[in-house]
Number of protein chains: 2
Amino acid sequence: MDEAGQAERRDPDTPPVRVARIQDVARLAEVSTATVSRVLATPERVSAEARARVMEAIAKTGYVPNPAARTLRSQKTYMVLVVLPDLANTFFSKILRGIEETLFEAGYGMIISDLDGSPEKEAHFAAFTAAGRVDGAILLNGHLIGQSRDGEGSAARIGIPLVALCEAIPGADIPQIEIDNRAAAAHMVQHLAAQGHRRIAYVSGPAGNILERERFQGFKDGLEKIGLPFDPELVIPGDFTIESGMAAGQNLVARAVRPTAVFCTSDEMAIGLMRTLLSAGLRVPEDVSVAGFDDIEFAAVAEPALTTIHQPRRELGQAAAAALIDLLQGRPTPKRIRLETELVVRASVAPPRTN
Amino acid sequence: MDEAGQAERRDPDTPPVRVARIQDVARLAEVSTATVSRVLATPERVSAEARARVMEAIAKTGYVPNPAARTLRSQKTYMVLVVLPDLANTFFSKILRGIEETLFEAGYGMIISDLDGSPEKEAHFAAFTAAGRVDGAILLNGHLIGQSRDGEGSAARIGIPLVALCEAIPGADIPQIEIDNRAAAAHMVQHLAAQGHRRIAYVSGPAGNILERERFQGFKDGLEKIGLPFDPELVIPGDFTIESGMAAGQNLVARAVRPTAVFCTSDEMAIGLMRTLLSAGLRVPEDVSVAGFDDIEFAAVAEPALTTIHQPRRELGQAAAAALIDLLQGRPTPKRIRLETELVVRASVAPPRTN
DNA sequence: AAGTTGTATGTAATCGATTACATCAAGCGT
DNA sequence: ACGCTTGATGTAATCGATTACATACAACTT
């Protein structure tokens, strides 16, 4: 025999936990291991009597199949990788919960990878998937793993099922779950215009980001629809974070001629921006109206409460997980799912002063 | 032979990805698989020449060890389970990031389980750990898996290394990483008193929660130190959520005699409470001072900016992960690590009006 | 020179499931 | 009654690593 057999794992006072193996169940139920395996995988192919005996033996022994052995043989991990750019970002947490819920119900576990802007980590996770640690992946980061934003990727070749969530991945032939960012942004501009605003600033997301591009397009669509010219002076750079929102606020405060409304492409930026405006003695919405995007929890309790675009985050997560599961189990999957957004009107937007 | 050999995974247009196996590396390097394995695990036990050949073969083939096979044989998963009560709670995200960072550097992956208050899920994850899917677990939920808050648990018997983070687990002989909630709460009360407050309300966490118990003790400690009587009337129930903070705000608004300061045991409650007060026409801090606990990102940008207790969340996560890794690798681990908190003074607390 | 020790490597058992294939009995058509 | 299908079950190969044990050889001792 090998080694010390079933030695305790660490030290003598830890009871030597013997987990039941399929052999133990088979012996107890007086069947072969094949039958036990079949009871779990394809119960209809086992006689009722044998099935009952096996089930009883499983209950008695507390048998749980060893996932490593199962994976090794069947090449299925029942694990899904979720790749996201920043775990600490509020926006993702509710999405993650939606994903987790749906995966859990289907018997899948979730492994999270926070890319953290590090190519090194990305390479690691590319290897991760390649090594067969997961059956599939949900990508929230807007590009394939191991692929530069514009270059050729390796993840597609890895050949595990992928689903893109929120940030569509151009050119990738995988299911995309998203909202209509462009239409939602246009909608917001129209709302601001309907309140009487004519000088509307735009606080952008990070350059190159697909959400940013779509929302920016929507911003311009909105201006066009209401017959306003696009003024590059009114575009303020941001990157979706609170800090960049505060910086954008400084930018505004420093201006001689200020816009009457500011459309921030994330709630975090809107809240940061409002903070700066208020600290500088400007009032929202009396002096400047502010609108956000996402409808995170804090949007409703900000002061003033934030007018924004509601994204069904939990549902987005659920839909992505469901799509991936369909893919994994060989069911047909729509290539694109678009969930509805909603304009949420709160106190941070009001008609401009008419003086 | 078995089945269809190395058939493509899904459909014919997916290139049949052949991942290199240890055999392939061994053949290419003209050594046995044992030597390849040793190069990876104990390079010092392999001659320099053989090692070089193997390394080259690994690079050439892009070999990555199959984790399922490795786990099956060695009983090590290089996976850690993180159990938390609510993934959607802002408070946890930065902690998770700290955990992930440290685990990643040590070559461990992270599986997240959102308990979501469901005993069913808990049972599932107890089985999860029992089945050997993870080497260890970090518990943020304040009790052992599969154990009721006061009852006997099964997780301890499962025998995998555990670490408790934030919510100490009384009676469990495992490393606990936390802050001194009691001292921090007392500190805040003293700060409020130093500003001149004498009627200080307390918005509690969920009943029975260990954080709540400690902070409540600290609240009473603080009162005692400054010679104020404890008044049960000034305790308002909450559960750490924004919503409960808003409800607590209603409670205050409805009172004839209001406290001059409110200490909320979470920032989320403080922000919700301020929302309600402001909506009711009360001013913060002019009419009521408000203090929080945690120092989440939004505390600094709230209006008014929130005075609170800063918790080093990332560091807490890192410390917990490091402790678990020590445990997993057989190094000695301190039974209790307490990280420092800091009182962050912002605008939401001011001296009470003297009229 | 024989014995001892140590180092490097190979051989093959092993981890615990899944599953292709073999076997066997019962049911059925003719 | 004979062959054939169908259904239930068992046997054993297999997944891809790790690692106990065996072996081979070089370097020292005495």
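For clarity, every value in this text was computed on a predicted model and none was experimentally measured.
Between the side chains of A/Asp135 and A/Thr77, at least one donor-acceptor pair of N or O atoms lies under 3.5 Å. Side-chain atoms of B/Arg21 and B/Gln23 form no donor-acceptor pair, as typed in the model, at a separation below 3.5 Å.
In this structure, of D/dT18, C/dT18, C/dT9, it is C/dT9 that holds the atom nearest to the side chain of B/Thr35. The side chain of B/Ser47 lies closest to C/dT9, out of C/dT9, C/dA17, C/dC15. For B/Val31, counting side-chain heavy atoms from C-beta on, the closest listed nucleotide (C/dG10, D/dT11, C/dT19) is C/dG10. Distances from the side chain of B/Pro65 to the nucleotides D/dG10, D/dA17, D/dC15 place D/dA17 closest. Closest approach to the A/Ala69 side chain among D/dA17, C/dC15, C/dA17 is made by C/dA17 (side chain taken as heavy atoms from C-beta onward). Distance from the side chain of A/Ile22 is smallest to C/dT18 among D/dG16, C/dT18, D/dG10. For A/Arg70, counting side-chain heavy atoms from C-beta on, the closest listed nucleotide (C/dA17, D/dT9, D/dG10) is C/dA17. Closest contact between the side chain of A/Arg21 and the listed nucleotides D/dT19, C/dG10, C/dA17 involves C/dA17. Considering only the side chain of B/Ser37, D/dT18 comes nearest among D/dG10, C/dG16, D/dT18. The side chain of A/Val46 sits closest to D/dT9 out of D/dT9, C/dT9, C/dT18.
Going from atom CG of B/Leu96 over to atom CG of A/Asp114 covers 9.5 Å, rounded to the nearest 0.5 Å.
Residue A/Arg73 places no side-chain atom within donor-acceptor reach of the base of D/dG16, judged by atom type and a 3.5 Å distance cut-off alone.
Within the nucleic acid shown, B/Ala68 has no heavy atom closer than 4.0 Å to any nucleic acid atom. The residue B/Ala50 sits close only to the backbone: its heavy atoms come under 4.0 Å of sugar-phosphate atoms, none of a base.
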Worksheet item: Yes or no on side chain to side chain contact (heavy atoms under 4.5 Å, CB included) for A/Val80 and A/Ile111, after CA distance, side-chain angles and deciding distance?
Response: CA-CA 6 Å; A/Val80 165; A/Ile111 297 180; over 6 Å; no
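Spacing between atom CZ of A/Arg51 and atom C1' of D/dA8 amounts to 12 Å, rounded to whole angstrom units. Rounded to whole angstrom, the span from the CZ atom of A/Arg45 across to the P atom of D/dG10 amounts to 14 Å. Protein atom CZ of A/Arg38 is 8 Å distant from nucleotide atom P of D/dG10, rounded to whole Å. The CZ atom of A/Arg27 sits 13 Å away from the P atom of D/dT11 (whole-angstrom rounding).
Nearest-nucleotide positions on DNA chain C place B/Arg53 closer to the 5' end than the other of A/Asn66 and B/Arg53. For the pair A/Glu44 and A/Thr33, both in contact range of DNA chain D, the more 5′-proximal nearest nucleotide belongs to A/Glu44. Between B/Glu49 and B/Leu72, the residue whose closest nucleotide on DNA chain C is further toward the 5' end is B/Glu49.
A heavy-atom distance below 4.5 Å is not found between the side chains of A/Val19 and A/Tyr63.
With respect to the salt-bridge test (charged N to carboxylate O, under 4.0 angstrom), the residues A/Lys60 and A/Glu56 qualify.
For the OP1/OP2 pair of C/dA17 and a distance below 4.0 Å, the side-chain nitrogens and oxygens of A/Tyr63 include at least one atom meeting the criterion. Side-chain N/O atoms of A/Ser32 include one lying less than 4.0 angstrom from OP1 or OP2 on D/dG10.
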